[in-house]
Amino acid sequence: LQFSGEAPVSGSTQISIGEVVSRASSDILAIRDPEIRELVAWIRRQAPRDSIRVSELGERSRLSMTTIKERFAKELGCSPKQEIKRVRLAHLKRLLENSTQNLSQIAAGMGFASTHELSRFFTSEVGIRPTHYRQGYTKAVGGDVSTGCNAVIFDMDGTLFDSESLYFRAFQQAYQE
């Protein structure tokens, strides 16, 4: 309607979330070293579901652990352990922000031995308990975690643009009157 010069429709429309399809361009890692790129890709696929040990990287590569650590530092500026933690933490935060799962379900889905282990990991990395993070996040964005998602933003051509809370807040502020 807006393209034909008519006034925009007021109100909001909620569309149920269907399958999310990753674009091939989203899967490209800008890491020059092919061995490290492959290991980072594996970490990013596995770490959200499993507790990965750094020694597993050595089992997946023809490189020594010393070489892997050196190349990680060169390519990513961090150690393999830090990258594993970063990936797990980012996934855990997304689940706390946008999931209806309780901590037991999240812990089981991410390969933590217990909710206590999940909570200890999260608290050591973020400085607050996961339940407090979830409560604070929900309050800050004015969303409701029980819905499973705060917003999904699409490009003009209808492709998924983003579902991050930052875009949700910006979109919400832009259209609040």
Side-chain angles (χ1 to χ4, degrees), residues 17 19-141 143-150 152 160 162-166 168:
I17 298 172
E19 179 183 5
V20 176
V21 178
S22 174
R23 298 184 311 205
S25 63
S26 301
D27 294 336
I28 297 172
L29 295 174
I31 299 172
R32 291 179 189 243
D33 186 320
E35 292 277 342
I36 300 305
R37 182 174 50 244
E38 197 58 39
L39 290 173
V40 170
W42 181 77
I43 288 171
R44 293 182 182 177
R45 282 191 309 272
Q46 290 300 119
R49 293 189 305 273
D50 297 316
S51 182
I52 299 172
R53 293 181 323 279
V54 175
S55 62
E56 291 179 69
L57 299 178
E59 296 166 8
R60 299 192 60 79
S61 174
R62 59 179 180 77
L63 303 174
S64 71
M65 284 308 302
T66 302
T67 303
I68 290 171
K69 289 176 183 179
E70 287 171 354
R71 289 188 184 181
F72 256 80
K74 180 182 175 190
E75 293 289 335
L76 281 88
C78 68
S79 70
K81 185 175 184 175
Q82 289 169 320
E83 177 64 8
I84 292 167
K85 281 183 171 184
R86 188 196 65 73
V87 169
R88 287 181 65 75
L89 184 62
H91 184 69
L92 179 51
K93 282 181 174 181
R94 273 193 300 279
L95 290 175
L96 292 170
E97 293 167 2
N98 300 312
S99 172
T100 59
Q101 296 177 332
N102 63 38
L103 289 183
S104 295
Q105 293 168 319
I106 292 172
M110 289 188 67
F112 285 100
S114 66
T115 56
H116 177 72
E117 183 183 319
L118 177 148
S119 185
R120 194 175 63 227
F121 166 74
F122 190 86
T123 304
S124 71
E125 296 298 314
V126 179
I128 61 172
R129 297 180 57 158
T131 51
H132 294 142
Y133 178 86
R134 179 177 261 178
Q135 291 165 352
Y137 174 83
T138 303
K139 189 175 182 180
V141 298
D144 180 4
V145 173
S146 67
T147 64
C149 189
N150 284 308
V152 177
L160 177 65
D162 216 315
S163 60
E164 296 291 329
S165 58
L166 170 71
F168 169 69

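Salt bridge absent: Glu125 and Arg86 never bring a charged side-chain N and a carboxylate O closer than 4.0 Å. Between Arg53 and Glu56, at least one side-chain N (NZ, or NE/NH1/NH2) sits under 4.0 Å from a carboxylate O, which counts as a salt bridge.
With hydrogens and angles ignored, the 3.5 Å screen pairs no side-chain donor or acceptor of Glu75 with any backbone N or O of Ile36. Panel note: side chain Ser99, backbone Leu96; no donor-acceptor pair is recorded below 3.5 Å.
Within a 6.0 Å radius of CD in Glu38, no more than 12 heavy atoms belonging to other residues, nucleotides or ligands are found.
Results of the salt bridge (charged side-chain N to carboxylate O under 4.0 Å, His left out) test with Glu35 over Arg62, Arg71, Lys74, Arg60 single out Arg62 as the only residue that passes.
The shortest side-chain heavy-atom distance between Ser119 and Leu103 does not fall under the 4.5 Å cut-off. Taking 4.5 Å as the limit, some side-chain heavy atom of Met110 sits within range of a side-chain heavy atom of His91. Ile128 has its side chain out of reach of Thr123: every pair of non-hydrogen atoms, C-beta onward, lies at least 4.5 Å apart. In this structure the side chain of Pro130 never reaches within 4.5 angstrom of the side chain of Leu92, judged on heavy atoms. At a threshold of 4.5 Å between non-hydrogen side-chain atoms, the residues Asp33 and Arg37 do not count as touching. Side-chain contact between Phe121 and Lys85 is present, with heavy atoms from C-beta onward closer than 4.5 Å. In this structure the side chain of Val87 never reaches within 4.5 angstrom of the side chain of Val40, judged on heavy atoms.
For Pro48 against Ile43, the heavy-atom pair with the smallest separation is CD-O, 3.9 Å. Nearest heavy-atom pair, Phe72 versus Glu83, reported as atom, atom and distance to 0.1 Å: CE2-CB, 4.0 Å.
Rounded to the nearest 0.5 angstrom, Ile52 CD1 and Leu57 CG are separated by 7.0 Å. Taken to the nearest 0.5 Å, the CG atom of Leu76 stands 10.0 Å off from the CD atom of Gln82. Here the CD-CE distance, from Glu70 to Met65, works out to 11.0 Å after rounding to the nearest 0.5 Å. Here the CD1-CH2 distance, from Ile84 to Trp42, works out to 7.0 Å after rounding to the nearest 0.5 Å. Within the model, atoms CZ of Phe122 and NZ of Lys93 stand 6.0 Å from one another, a figure rounded to the nearest 0.5 Å.
Taking the centre and axis of the six-membered ring of Phe112, the NZ or CZ atom of Arg88 falls inside the cone set by 45° and 6.0 Å.
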